[in-house]
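Here the structure is laid out as structure tokens; the discussion comes afterwards.
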Protein chains: 2
Amino acid sequence: MQDEIVKSLKESGLKITTVRTRILEILNISIKPLTVHKILSEIDVNKTTIYREIDILLKAGYLNKVDFGDGNKRYELSSLDHHHHLVCIKCHAVEDVVLKETLFNEENLISLTNKFKVSYHNLEFFGYCHNCQ
Amino acid sequence: MQDEIVKSLKESGLKITTVRTRILEILNISIKPLTVHKILSEIDVNKTTIYREIDILLKAGYLNKVDFGDGNKRYELSSLDHHHHLVCIKCHAVEDVVLKETLFNEENLISLTNKFKVSYHNLEFFGYCHNCQ
DNA sequence: ATAATTGCAAACACTTTGCACATGT
DNA sequence: ACATGTGCAAAGTGTTTGCAATTAT
């Protein structure tokens, strides 16, 4: 694991355990956000531990929760550049996409016209990937 | 219930039942998308019936599923104009918002550069409402 | 040494299934 | 009459809790 992350974890009062390291590794390798179920299948560990660990990593800011609206929560590293996902309705392939226009202007408009201070947003696109069209 | 909807329901082979009518009424009155739990608290009906009914109405296209990422699925009438939500992280108030720039252009770009045909998207904003800032 | 981490069993919450009965058309 | 809708009990999933044992620092 990268020295930076190790240092950051220690500063958060988090120990460098096998499970913690493996979760971060698995998410680092994965090209798409993973469910608890998937992570569990990759590590020989009790499910309670995974749920607790993900909670810790989420709260400490290492992970982002991603929701594809299918009833399964997914997680990805928060260190990735800001991006959204293209989720294929048919084969469930997931691609990343970076918007040409950010939503930053929209968020500013919302702040002015709705008197609502936007902290973050969730945006995912659903449709058919190249192979499934 | 509006004649239009009654006609539409009948054409879909769906009967005009008390439960069905009440669900549509409740969602019509509500200013925000509702959870199954909330709908159940408003109607004296078995939970199984609600789950089944929402599934039917979703598939028939009368409802949209909305996800605020808190683990609870919410539903709203699909007859509403296309809009997104501003969800307050603190008091959980929900406002509707219509973007000045649609995501239509982005979806076209995605179609060209990613060869991915977008069918729909999910977009919700999270932050602090007027009162909670 | 001691605070953080883990496993296990049990509890919880949400959702679905099978089947018999009831209702709308 | 008959297809659609409903209630009930039970089963399925995903997630959390309490507590005792273990591990990293």
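Lettering of chains follows the sequences in order, A, B, ..., and the numbering in each one begins at 1.
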- Query: Where does the angle between the aromatic ring planes of B:Phe126 and A:Tyr120 fall among parallel (under 30°), tilted (30 to 60°) and perpendicular (over 60°)?
  - Reply: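 Parallel, since the angle between the ring planes stays under 30°.
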How many whole angstroms separate atom [atom1] of [X] from atom [atom2] of [N]?
| X | N | atom1 | atom2 | answer |
| --- | --- | --- | --- | --- |
| A:Lys65 | D:dT15 | NZ | C1' | 12 Å |
| B:Leu57 | D:dT6 | CG | P | 10 Å |
| B:Asn46 | C:dG18 | CG | C1' | 14 Å |
| B:Ile39 | D:dT6 | CD1 | P | 14 Å |
| B:Lys7 | C:dT25 | NZ | P | 16 Å |
| B:Asp55 | D:dG5 | CG | C1' | 14 Å |
| A:Leu40 | D:dT15 | CG | C1' | 11 Å |
| B:Arg52 | C:dA20 | CZ | C1' | 12 Å |

- Query: Please walk me through it: do B:His130 and B:Glu95 pass side-chain hydrogen bond (donor to acceptor under 3.5 Å, both in side chains)?
  - Reply: CA-CA 11 Å; B:His130 185 45; B:Glu95 296 172 58; over 6 Å; no
- Task: Return yes if some donor-acceptor pair links the side-chain N/O of A:Lys100 with the main-chain N/O of B:Leu109 below 3.5 Å, else return no.
- Result: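 No, the answer is negative, given that no donor and acceptor are paired below the 3.5 Å cut-off.
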- Item | Position toward the 5' end of DNA chain C (nearest nucleotide), A:Glu53 or B:Lys10 |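 Result of the comparison: A:Glu53.
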- Query: Starting at the 5' end of DNA chain C, which residue's closest nucleotide do you reach first, A:Gly13 or B:Val36?
  - Reply: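 This one resolves to A:Gly13.
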Which nucleotide in the list [options] gets nearest to the side chain of [X]?
| X | options | result |
| --- | --- | --- |
| B:Thr48 | C:dT5, C:dT16, D:dT6 | C:dT16 |
| B:Lys47 | D:dT15, D:dT4, C:dT15 | C:dT15 |
| B:Asn72 | D:dG14, C:dC14, D:dG7 | C:dC14 |

- Side chain of B:Lys15, base of D:dT4: donor and acceptor closer than 3.5 Å?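 Yes, the side chain and the base share a sub-3.5 Å donor-acceptor pair.
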- Task: Grab the two heavy atoms, one from B:Tyr62 and one from B:Ser12, that are nearest each other, plus how far apart they are.
- Result: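 Between these two residues, the closest heavy atoms are OH-OG, 3.4 Å.
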- Task: Would you please confirm or rule out a distance under 4.0 Å between OP1 or OP2 of C:dT16 and any side-chain N or O of B:Tyr51?
- Result: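 False: B:Tyr51 side-chain N/O out of range (4.0 Å or more) of C:dT16 OP1/OP2.
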- Select base, sugar-phosphate, or nothing to describe what B:Thr17 touches, counting heavy atoms under 4.0 Å on all strands.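 Sugar-phosphate: the residue B:Thr17, judged by heavy atoms under 4.0 Å, touches backbone atoms but no base.
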- Task: Kindly indicate whether the side chain of A:His84, heavy atoms from C-beta on, has any atom under 4.5 Å from the side chain of A:Leu99.
- Result: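 A:His84 vs A:Leu99: side chains touch.
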